Amino acid sequence: MSAAPAEPVAPAASAGGGLDALLVCLQLTDSAFPSGFYTLSHGLEGYAQAKAVTPDTMPELLADLLRHSVGPSDATALALAHRAARDGDWERLAEIDQRLHATKLNRELRLAATRTGRQLLDIARESVGGEPLERYAVLVADKRAPGCQAVAAGVAYASAGVPAEQAVTSDLFAFCTSFVGAALRLRLTDHRRAQVVLRALAPVIEETVRAALVRQLEDLGGCVPVADAMSGRHERAEARLFAS
């Protein structure tokens, strides 16, 4: 007597979206995702040009930027945008985007944020899809929202059903990976030490995520004057390896 055929196994995503959410995070933060995010040094090249960072101080600089720059600005905007998109509050979404754009104090930072954000939005509309992305695209097309990367990412994650905590964590880790990748090209680390740095940053990333998830719009905005100055120097440099 032959055995009955095995019943097909349902995808793990159907049990609550966990696996599908993870796959979306991996796709949107992968270095192969063509948003241009990994062409940025996130200010590191400016520090290197000014000889204000060394291989020994690079990890500390990254941790400081997470806590005082990226966390209060981009990570907070991502969390707020995720919430607004989930709630269908498009006016609020535009306000978040405008506020984040206003915190970018020089032309290079604003261009980097909107260039990568609009590219992410365009590709996410095609690959992820969903009403939040379409509504946000209208805001950007009508120039009611500038299209910053962190806001576009928040909308994309919300559209895919990725929980806010997972979304913010994924994007912060992508920032760290991009920053350390720039350090590799600037000879401020090597491949083995880069992995040690990334793993050691886990507590800082967790701390930054927790803080970003509870901030309000009024709290959006980092304060690292030295980083702004380095970005300004980089914008005027005669030769540059990275877009920011």
Side-chain angles (χ1 to χ4, degrees), residues 11-13 16-40 42 70-71 73-101 103-104 110-178 205 208-209 212-213 215 217 220 244:
L19 182 56
D20 189 60
L22 173 61
L23 289 171
V24 171
C25 291
L26 292 172
Q27 181 173 357
L28 293 182
T29 60
D30 190 87
S31 60
F33 191 88
S35 68
F37 190 71
Y38 286 86
T39 66
L40 310 178
H42 310 285
V70 183
S73 58
D74 292 80
T76 298
L78 194 155
L80 292 169
H82 184 283
R83 189 183 311 155
R86 183 194 61 201
D87 295 343
D89 192 342
W90 313 119
E91 292 299 324
R92 180 74 166 177
L93 183 62
E95 186 180 6
I96 294 162
D97 206 1
Q98 292 164 5
R99 179 67 172 261
L100 178 62
H101 191 255
T103 69
K104 309 291 183 183
R110 291 192 295 271
L111 282 178
T114 54
R115 180 172 58 83
T116 56
R118 294 180 184 190
Q119 185 73 352
L120 187 156
L121 172 61
D122 186 49
I123 300 167
R125 289 174 66 196
E126 185 174 352
S127 58
V128 175
E131 182 187 3
L133 284 164
E134 295 303 320
R135 296 294 293 267
Y136 180 52
V138 171
L139 292 174
V140 174
D142 290 346
K143 298 184 178 180
R144 295 170 58 197
C148 292
Q149 185 273 337
V151 176
V155 176
Y157 286 122
S159 194
V162 177
E165 182 180 53
Q166 193 170 342
V168 177
T169 304
S170 297
D171 231 58
L172 280 175
F173 186 75
F175 172 85
C176 294
T177 302
S178 181
I205 294 174
T208 306
V209 170
L213 289 172
R215 287 193 186 95
L217 181 59
L220 194 158
S244 78

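None of the values given here were measured: they were computed from a predicted structure.
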Open item on the list: Between R135 and D89, does any NZ, NE, NH1 or NH2 come within less than 4.0 Å of an OD or OE carboxylate oxygen?
Closed with: no

- [ ] Could you pull out the closest heavy-atom pair between P163 and H82, with the gap in Å?
- [x] C-NE2, 3.8 Å

Open item on the list: Quick check on side chain to side chain contact (heavy atoms under 4.5 Å, CB included): which of I205, D74, T177 does L172 satisfy it with?
Closed with: I205

Open item on the list: Distance alone, cut at 3.5 Å: any donor-acceptor contact between the side chains of H42 and S178?
Closed with: yes

- [ ] Enter the distance from Y157:OH to L133:CG here, rounded to the nearest 0.5 Å.
- [x] 12.0 Å

- [ ] Look up atom CD1 in I123 and atom CD in Q27, then write down how far apart they are to the nearest 0.5 Å.
- [x] 9.5 Å

TODO: Evaluate the side chain to side chain contact (heavy atoms under 4.5 Å, CB included) criterion for residues F33 and L120: first the C-alpha distance (whole Å), next the side-chain angles of each, then the deciding distance (0.1 Å), finally the verdict.
DONE: CA-CA 8 Å; F33 191 88; L120 187 156; 4.1 Å; yes

Open item on the list: Can you tell me how far apart OG1 (T114) and CG (D97) are? Round to the nearest 0.5 Å.
Closed with: 9.5 Å

Open item on the list: Whether the side chain of Q119 engages the backbone of P34 through a donor-acceptor N/O pair (distance < 3.5 Å, no angle test) should be reported.
Closed with: yes

Task: Check against side chain to side chain contact (heavy atoms under 4.5 Å, CB included), S159 and E131 - done: CA-CA 7 Å; S159 194; E131 182 187 3; over 6 Å; no

Open item on the list: In the structure I gave you, are the side-chain heavy atoms of T39 and R115 within less than 4.5 Å of one another anywhere?
Closed with: yes

- [ ] Starting at CG of L139, measure out to CD of Q98 and round the result to the nearest 0.5 Å.
- [x] 9.0 Å

Open item on the list: Test side chain to side chain contact (heavy atoms under 4.5 Å, CB included) on C25 and Q166; report intermediate values, then the result.
Closed with: CA-CA 8 Å; C25 291; Q166 193 170 342; 3.9 Å; yes

Open item on the list: Testing the basics here: between L213 and R83, what is the closest heavy-atom pair and its distance to 0.1 Å?
Closed with: O-NH2, 3.4 Å

Open item on the list: Restricting to non-hydrogen atoms, name the atom on T76 and the atom on G71 that form the minimum distance, rounded to 0.1 Å.
Closed with: OG1-O, 2.7 Å

- [ ] Test L100 against V151 for side chain to side chain contact (heavy atoms under 4.5 Å, CB included), laying out the working first.
- [x] CA-CA 8 Å; L100 178 62; V151 176; 4.1 Å; yes

- [ ] Give the minimum heavy-atom separation between R118 and V140, together with the two atoms involved.
- [x] NE-CG1, 3.9 Å

TODO: May I ask you to test the R92-L217 pair for a side-chain heavy-atom distance under 4.5 Å?
DONE: yes

Task: Nearest non-hydrogen partners of A112 and L40, listed with the distance - done: CB-CD2, 3.9 Å

Task: Distance-minimising heavy-atom pair for T103 and S73 - done: OG1-CB, 4.4 Å

Task: Spacing of S170 atom OG and L26 atom CG [to the nearest 0.5 Å] - done: 7.5 Å

- [ ] Verify, without hydrogens or angle tests, whether R86 (side chain) and V155 (backbone) share a donor-acceptor contact under 3.5 angstrom.
- [x] no

Open item on the list: Could you measure the distance from the CZ atom of R144 to the CG atom of L93? Nearest 0.5 Å is fine.
Closed with: 10.0 Å

